[in-house]
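See structure below.
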Amino acid sequence: DELDDVAPAEEAAQASNGKNHTENVAPAPVDKTWSLPEESLKTMPIHVAVARPRKLADVVDKVVPGEFWGMEFPFSPEMLREWGPVWLTKAMHTTGVLPKDNEVLRFDR
């Protein structure tokens, strides 16, 4: 059935012949797959020296330090490949997800 992959609000709109009557439909559940627990968020460093941009155009295609760790961050797969395992090792050491006695040696793809 084509409605199987449709969010509840969209399903209701389709069921009403395309009319958008979603005010009585429960909101779609929030996917928390990638959400961090509240306690983890409290331990995240915030690099205060980084000012948030006022416009998206101010940062599009620009390498700038990240908000949490203060590290420059690649914004495309090509950049990640170019910066390579050395950058990924540094990032993972900085965030604490990779022990200092370990490193990324290569990308397989």
Side-chain angles (χ1 to χ4, degrees):
D1 183 75
E2 68 182 50
L3 294 180
D4 288 343
D5 296 329
V6 178
E10 294 171 321
E11 183 176 322
Q14 287 182 8
S16 63
N17 296 323
K19 295 177 186 168
N20 193 4
H21 298 290
T22 60
E23 59 273 356
N24 294 326
V25 177
V30 176
D31 179 9
K32 294 189 177 193
T33 305
W34 298 103
S35 298
L36 292 173
E38 191 66 33
E39 290 304 311
S40 293
L41 291 174
K42 290 177 184 176
T43 64
M44 296 288 289
I46 296 180
H47 189 67
V48 293
V50 177
R52 288 188 172 180
R54 292 193 166 284
K55 298 178 185 174
L56 182 60
D58 292 342
V59 293
V60 170
D61 293 332
K62 294 180 183 172
V63 176
V64 296
E67 185 174 340
F68 288 106
W69 301 99
M71 292 181 60
E72 292 181 343
F73 197 85
F75 51 82
S76 71
E78 294 78 21
M79 286 180 75
L80 182 56
R81 280 190 291 275
E82 181 181 310
W83 293 11
V86 172
W87 178 86
L88 187 55
T89 298
K90 178 182 174 186
M92 294 176 81
H93 286 166
T94 300
T95 61
V97 298
L98 184 68
K100 296 282 187 185
D101 64 348
N102 207 339
E103 66 182 306
V104 178
L105 297 176
R106 68 181 180 279
F107 298 148
D108 286 340
R109 296 178 198 194

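The first residue of the sequence shown is numbered 1, and numbering continues consecutively from there.
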**Set of side-chain contact (heavy atoms from CB on, under 4.5 Å) partners for Phe75, sequence neighbours left out** = Asp61, Val63, Met79

**Prompt:** For Val60, what residues pass the side-chain contact (heavy atoms from CB on, under 4.5 Å) criterion, not counting sequence neighbours?
**Reply:**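 In terms of side-chain contact (heavy atoms from CB on, under 4.5 Å), with neighbours along the sequence ignored, Val60 is linked to Leu56.
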
**Prompt:** Can you list every salt bridge (Lys or Arg N to Asp or Glu O under 4.0 Å) pair that touches residues 77-88, not counting sequence neighbours?
**Reply:**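 Every pair satisfying salt bridge (Lys or Arg N to Asp or Glu O under 4.0 Å) with a residue in residues 77-88: Glu78-Arg81.
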
**Partners meeting ring-ring contact (aromatic ring centres under 6.0 Å, His included) with Phe73 (sequence neighbours left out)** =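 Partners of Phe73 under the ring-ring contact (aromatic ring centres under 6.0 Å, His included) test: Trp87.
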
**Item:** Gly70 to Pro65 - nearest heavy-atom pair and separation
**Value:** O-CB, 3.6 Å

**Prompt:** How far apart are the closest heavy atoms of Leu80 and Phe107, and which atoms are they?
**Reply:**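 Scanning both residues, the minimum pair turns out to be O-CE1, 3.4 Å.
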
Could you go through residues 91-102 and list every donor-acceptor pair under 3.5 Å that involves a side-chain atom there, pairing it with any protein atom two or more places apart or in another chain?
unit_1: His93; atom_1: NE2; unit_2: Pro99; atom_2: O; d: 3.1
unit_1: His93; atom_1: NE2; unit_2: Asn102; atom_2: O; d: 2.7
unit_1: Thr94; atom_1: OG1; unit_2: Lys90; atom_2: O; d: 2.7
unit_1: Thr95; atom_1: OG1; unit_2: Ala91; atom_2: O; d: 3.2
unit_1: Thr95; atom_1: OG1; unit_2: Met92; atom_2: O; d: 3.3

